[in-house]
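Residue numbers count from 1 along this sequence. Start at 1 and go down the list; that is how both ligands and their atoms are numbered. All values below were derived from every heavy atom in this structure, side-chain atoms included, with hydrogens, water molecules and symmetry-related copies excluded.
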Amino acid sequence: MDRKLFFERLAAPGVRRLQPYLPGKPNDELEREYGIRESIKLASNENPLGPPAVALEAARACLPDMALYPDGSGFHLKAALAAHLRLDPERLTLGNGSNDILVLLAQTFLTPDVEVVYDEHAFIIYRLTAQAAGAISRVVPSNPVDGPQPYGHDLNAFGAALTEQTRLVFIANPNNPTGTWVARDALYKFMVRVPEHAIVVVDEAYCEYVTRDDYPHTLDWLDEFPNLVITRTFSKIYALAGMRVGYAISDPALAELLNRVRQPFNVGSPAQAAATAALADQVFVAKARQLNADGLQQLTEGLNAVGCRTVPSVANFVLVDVGQPADPIYESLLRVGIIVRPVGNYGLPNHLRISVGLPEQNDRLLTEMKRLRK
Ligand SMILES: *Cc1c(COP(=O)(O)O)cnc(C)c1O
């Protein structure tokens with residue numbers, strides 16, 4: 001028998017249909033394949049400023065101790081987060097990136113007979129973790145393209161998808177790859193309606209970038225809704241994607257469950273040190289936020305000027321409708337050393353997701369888009 005088939009039959013049922021996650025192409029791979037140099041990557045929503053200097057310094061200072069296991073309780077990082085967010089450290093669970101947290105939630109709460117609710121164009125990891133656990137996905141259609149908040153989450157439809165069997169609800173705020181957000185009133189109304197057996201995971205990976213007044217302060221709702229879990233990360237505005245640090249904020253009893261499932265040493269020492277130092281550098285965060293707001297405007301206006309529709313975004317990337325199958329445009333950009341993200345696997349074959357870069361990188365992208373649209 002074919003070996004692929006042989007092992008597939010041995011695998012857990014949920015794993016058999018699983019498609020691997022497609023990451024953005026790394027620069028060095030592109031440069032090797034195409035024999036080019038000075039490529040730019042606007043494909044993985046990374047912070048173009050690079051890491052804060054204090055984080056780099058803190059990680060370096062840890063390296064002589066690399067023979068030792070990290071602090072499995074994450075004491076210092078949790079204490080710093082608790083002080084920064086003004087909450088009890090018992091509400092925190094640390095993850096190897098917030099992706100790890102999403103997997104922990106699935107491992108903790110999903111079985112083949114329960115249901116998971118998420119949006120059709122939501123972050124793909126929700127689907128992958130639900131499938132791997134063999135749980136039933138209730139996929140909710142996004143807002144229509146011609147209404148307000150096109151491609152955004154429709155929380156009324158989310159509400160209608162809830163059943164006795166619902167165990168996890170994933171809300172990405174803002175969502176990746178659409179950049180759309182859920183406003184405070186809509187989310188609060190939804191929370192009031194959710195039964196307590198359904199755990200609502202609000203994924204706030206990009207929250208620090210959001211400048212809108214109607215963005216919810218979900219931290220204030222933790223006491224009112226024990227079934228609320230907030231996930232955040234150091235990968236995005238804190239510029240530590242390679243370090244892999246994320247966290248969940250929840251009811252302490254729920255955190256205690258996640259900690260039973262969590263691998264004891266899931267966040268390395270340099271990662272913990274870098275995150276703790278980065279958290280203290282809010283000047284860096286403010287600078288990154290401003291750079292992003294300017295870059296988002298530059299990209300949106302520039303893309304609209306060459307006839308591409310953009311989806312209003314509050315994150316560090318923008319979803320662009322190129323009005324034709326996007327793969328050839330993606331390929332043409334690769335040939336000139338610009339990596340963006342095709343999103344056909346999100347059911348968006350005519351769109352590209354473009355991360356906000358430095359002003360000159362955004363310019364280079366816009367120049368090429370203008371050339372390609374001719
Ligand atoms: C990037 C991203 C994450 C987190 O990534 P980690 O690096 O694992 O923290 C989580 N959710 C969304 C929606 C993202 O785009």
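Taking the six-membered ring where the residue is Trp, Tyr247 and Phe234 present tilted rings, their angle falling between 30° and 60°. The aromatic rings of Trp221 and Phe225 sit perpendicular, their planes meeting at an angle over 60°, well past the 30° parallel limit.
Looking from atom 9 (O) of ligand 1 to the surrounding protein, the closest heavy atom is Thr233 OG1, 2.5 Å. The nearest protein atom to atom 7 (O) of ligand 1, hydrogens excluded, is given as Ser235 OG, 2.5 Å; this is a heavy-atom distance. Among all non-hydrogen protein atoms, the one lying nearest atom 11 (N) of ligand 1 is Asp203 OD2, 2.6 Å. Atom 4 (C) of ligand 1 has Ser98 OG, 2.9 Å as its closest protein atom, hydrogens excluded (heavy atom only). Protein heavy atom closest to atom 3 (C) of ligand 1, with residue, atom name and distance, is Lys236 NZ, 3.3 Å. Scanning the protein heavy atoms around atom 8 (O) of ligand 1, the nearest turns out to be Arg244 NH2, 2.7 Å.
Remark: ligand 1 atoms within the under-4.0 Å shell around heavy atoms of Ala205 are 2 (C), 3 (C), 10 (C), 11 (N), 12 (C), 14 (C). Atoms of ligand 1 lying under 4.0 Å from at least one heavy atom of Asn176, given by number and element, are 13 (C), 14 (C), 15 (O).
The backbone N or O of Pro270 lies less than 3.5 Å from no partner atom in the side chain of Arg60, so there is not a single donor-acceptor pair. Distance alone, capped at 3.5 Å, places no donor-acceptor pair between the Arg232 side chain and the Cys207 backbone. The main-chain N or O of Phe317 is never found under 3.5 Å from a side-chain atom of Arg353 such that the two would form a donor-acceptor pair. Not a single donor-acceptor pair under 3.5 Å links the side chain of Asn304 to the backbone N or O of Arg309.
Hydrophobic clustering (ILVMFWY, side-chain heavy atoms < 4.5 Å, transitive): Leu319 and Val145 are in one cluster.
At a heavy-atom cutoff of 4.0 Å, ligand 1 is contacted by the side chain of Tyr206 but not by its backbone. For Asn99, heavy-atom contacts with ligand 1 shorter than 4.0 Å involve the backbone as well as the side chain.
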